[in-house]
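Numbered from 1 within each chain, the chains take letters A, B, ... in sequence-line order.
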There are 2 protein chains.
Amino acid sequence: MLKISVKVQFSSILVSYLSCYIGAIIPITALYKQMANSFNSISGAKRSLHLHVAREIARAILSGELAQGSIIPSEMVLCEQFGISRTALREAVKLLTSKGLLQSRPKIGTRVVEKINWNFLDPQLIEWMEGLTDINDFCNQFLGFRRAIEPEACALAAQNATVEQRKELSSVFQKMSELNSAPELDIEAWIDIDIQFHRIIFFSTGNDFYLPFGNILTTMFEHFIAYSSEEGGTCFNEHRLIYEAIMIGDSTKARETSREHLQSINHRIKE
Amino acid sequence: MLKISVKVQFSSILVSYLSCYIGAIIPITALYKQMANSFNSISGAKRSLHLHVAREIARAILSGELAQGSIIPSEMVLCEQFGISRTALREAVKLLTSKGLLQSRPKIGTRVVEKINWNFLDPQLIEWMEGLTDINDFCNQFLGFRRAIEPEACALAAQNATVEQRKELSSVFQKMSELNSAPELDIEAWIDIDIQFHRIIFFSTGNDFYLPFGNILTTMFEHFIAYSSEEGGTCFNEHRLIYEAIMIGDSTKARETSREHLQSINHRIKE
DNA sequence: CCTTTGATAAATCATACAAATAAAATCAAG
DNA sequence: CTTGATTTTATTTGTATGATTTATCAAAGG
């Protein structure tokens, strides 16, 4: 713990933010250690101190409480407020710098970068948005994005998937088929296998730029998108069409079926 | 500088890597400070020590010298090899962890994550690939990726661009037109304005998920893709068609013209 | 087979010093 | 006295280092 005298004047923004999310009076270290276990299970994101702090700062940025272009409080001030060492804080800042949220220079301080430069395609960043945006709008934007990516990915997969990948896709589809024919839909299992289905397609494109979308899709499904049982049922046929097109290597058909699939679905929102 | 005695046995992989890229004998700190100025101008990436180290480690991973799933040498060993403090090394590792390249746990060490989880859509990561991949293949993959993203982005921009964004696009197109009608094509200026043209389109989609592609495209153009003068000429008409479609809000036409543009181009490779 | 214990590597803390630079203070020329 | 250039100073991030804590594997012991 730092021993310098407390400066009374500091960013009112972050203070209000802190009191909102953590409570500014109790030293965060104690509070954190107290909560560590209960939080661990929720998202697995609080294992390390710097990650916890990074998340808090990121959410302050994403929510707009720390305005774009503004200078956040200096390292010393933040260390006090979070009750952590400079090492931990700096690692948190480095993490956010890497994602395009912050940028720091000597004497100037650490600045919140313009939204234009935020790396929205980072799964961790997407996770951190939970509860900060209008989920409905967010999911619709994501859908508008999937409509660009997935049809092309399916077309490429139909063309480039290796034998092993086709086998894997086949076995996943098999499980999908079993789940679908069961008397009652096991939603948990369906979500899991649905994610796997789409992941394999991205990995089968033979194009490195499509790889990250497997994780992005997974994050979105696990944090923002919910299923209804009817939907799972109706979706199966569409998945079958995509599957068949990829397996026979018909890229045009794969693109078409995927496009139709994405036109028909309407993401259900969590909670 | 660490004062512990040098352990003779360490990862031969990283050693060979080091001797290859930096030279293992001279302390890196000195060497780095010597090179700092000359490097600064090249990419601006060497300003800080941890960033420099992060880049080196990242390139060792991207090139495959540090195998996926393998454990990299411990902090102490790496500190010695790079001649830096643990602080700097840890910040470098945090940076790479944030990009999905590394993951570290107590007692285990720091592991290279599977390629599946690498964040290929991070501009910095793309920058670091310079010289490590077959550029031709890399650019073709990128083209296969643009073919998915850009037509949709153009369609969305036609639909959602604000008045200010349309004005901005218009002014950029104006400059494009001037450059095109000049007796001799100013390639530098054309690249610059071409990048701006596409950036504005991404920013005009009204969809946050498209925002990162502005920077990705910029990075690719600046580091991997070269222009020939004839190409700039033939491209102008295609840009005009896209521009007009967006300005009149015809999303279908915007999608089509963009698609045609991407079908016709054949990325020229740098050098 | 299960539990305990020890060794090890990362995680965090605390402190010191270096480097960069914005802003203030100083100096020089008109 | 004013103005512009220059130097100095103060502040903030950057780097280094050693101590301490925590998590986890692995081996010893019940």
Side-chain angles (χ1 to χ4, degrees), chain A residues 1-5 7 9-11 27-34 36-37 40 44-54 57 70-80 82-97 102-112, chain B residues 1-5 7 9-11 27-34 36-37 40 44-54 70-97 102-112:
Chain A
M1 196 75 85
L2 295 171
K3 284 170 199 150
I4 62 169
S5 60
K7 289 174 191 169
Q9 137 269 24
F10 37 48
S11 159
I28 303 304
T29 6
L31 208 141
Y32 163 65
K33 276 161 191 170
Q34 196 183 337
N37 285 330
N40 255 346
K46 318 294 189 319
R47 280 218 308 271
S48 62
L49 197 45
H50 73 264
L51 192 54
H52 171 76
V53 171
I57 297 175
S70 68
I71 303 281
I72 70 174
S74 75
E75 289 182 348
M76 290 304 249
V77 174
L78 285 174
C79 286
E80 275 176 49
F82 283 107
I84 60 172
S85 72
R86 258 187 89 203
T87 309
L89 179 77
R90 281 182 60 79
E91 285 177 8
V93 169
K94 283 297 158 300
L95 211 146
L96 298 181
T97 303
L102 293 176
Q103 195 171 26
S104 44
R105 290 173 59 198
K107 174 69 184 178
I108 310 284
T110 301
R111 187 186 300 278
V112 179
Chain B
M1 197 76 84
L2 294 171
K3 283 167 200 152
I4 62 169
S5 60
K7 290 175 190 168
Q9 139 267 24
F10 39 47
S11 159
I28 303 303
T29 8
L31 208 140
Y32 162 66
K33 275 161 192 170
Q34 197 184 336
N37 285 329
N40 254 348
K46 317 294 187 321
R47 279 216 309 270
S48 62
L49 197 45
H50 74 262
L51 192 53
H52 171 76
V53 171
S70 68
I71 303 282
I72 71 175
S74 74
E75 288 182 348
M76 291 303 251
V77 174
L78 285 174
C79 285
E80 276 176 51
Q81 296 192 1
F82 283 105
I84 59 171
S85 73
R86 272 186 65 217
T87 310
L89 180 76
R90 284 183 59 80
E91 286 176 7
V93 169
K94 284 297 160 299
L95 210 146
L96 298 181
T97 303
L102 294 176
Q103 194 172 29
S104 43
R105 291 172 60 197
K107 171 68 185 179
I108 309 290
T110 301
R111 186 185 299 278
V112 179

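Scanning both residues, B/A88 and B/H50, for their nearest heavy atoms gives O-CB, 3.4 Å. Scanning all heavy atoms of the two residues, the minimum distance from B/L51 to B/L95 falls at CD1-CD1, 4.0 Å.
Whole-Å rounding puts the A/M76 CE to C/dC13 P distance at 14 Å. Between A/R90 atom CZ and C/dC13 atom P the separation is 15 Å, expressed in whole Å. As a whole-Å value, the separation of A/L89 CG from C/dA11 P is 17 Å. For the pair A/I72 CD1 and D/dT13 C1', the interatomic distance rounds to 12 Å; values are reported in whole Å. In this structure, A/Q103 places its CD atom 15 Å from C1' of D/dT12, rounding to the nearest Å. Note: CD1 (A/I108) to C1' (C/dA23) measures 11 Å, nearest angstrom. Atom pair A/I84:CD1 and C/dT15:P shows a separation of 16 Å (rounding to whole Å applied). Note: NZ (B/K94) to C1' (D/dG14) measures 17 Å, nearest angstrom.
Residue B/P106 places its side chain closer to C/dA10 than to any other of D/dT13, D/dT15, C/dA10. Ranking C/dA10, D/dT15, C/dA7 by closeness to the B/K107 side chain, first place goes to C/dA7. For A/E75, counting side-chain heavy atoms from C-beta on, the closest listed nucleotide (D/dT15, D/dA19, D/dT13) is D/dT13.
Residue A/R105 places no side-chain atom within donor-acceptor reach of the base of D/dG14, judged by atom type and a 3.5 Å distance cut-off alone. You'll find a donor-acceptor pair under 3.5 Å spanning the side chain of B/T87 and the base of D/dA16, going by distance alone.
The phosphate of C/dA9 has neither OP1 nor OP2 within less than 4.0 Å of any side-chain N or O from B/T110. Look at B/S85 and you won't find any side-chain N or O under 4.0 angstrom from OP1 or OP2 of D/dT15. For D/dT15, the OP1/OP2 oxygens have a side-chain nitrogen or oxygen of B/H50 closer than 4.0 Å. At C/dT8, none of the side-chain N or O atoms of B/S74 fall inside 4.0 Å of OP1 or OP2 (strictly under the cut-off).
The distance from atom CD of A/Q103 to atom CG of A/L96, rounded to the nearest 0.5 Å, is 13.0 Å. Here CG of A/L49 is found 10.5 Å from OG1 of A/T87. Values are rounded to the nearest 0.5 Å. Taking OG1 of A/T97 as the start and CZ of A/R90 as the end, the distance is 9.0 Å to the nearest 0.5 Å.
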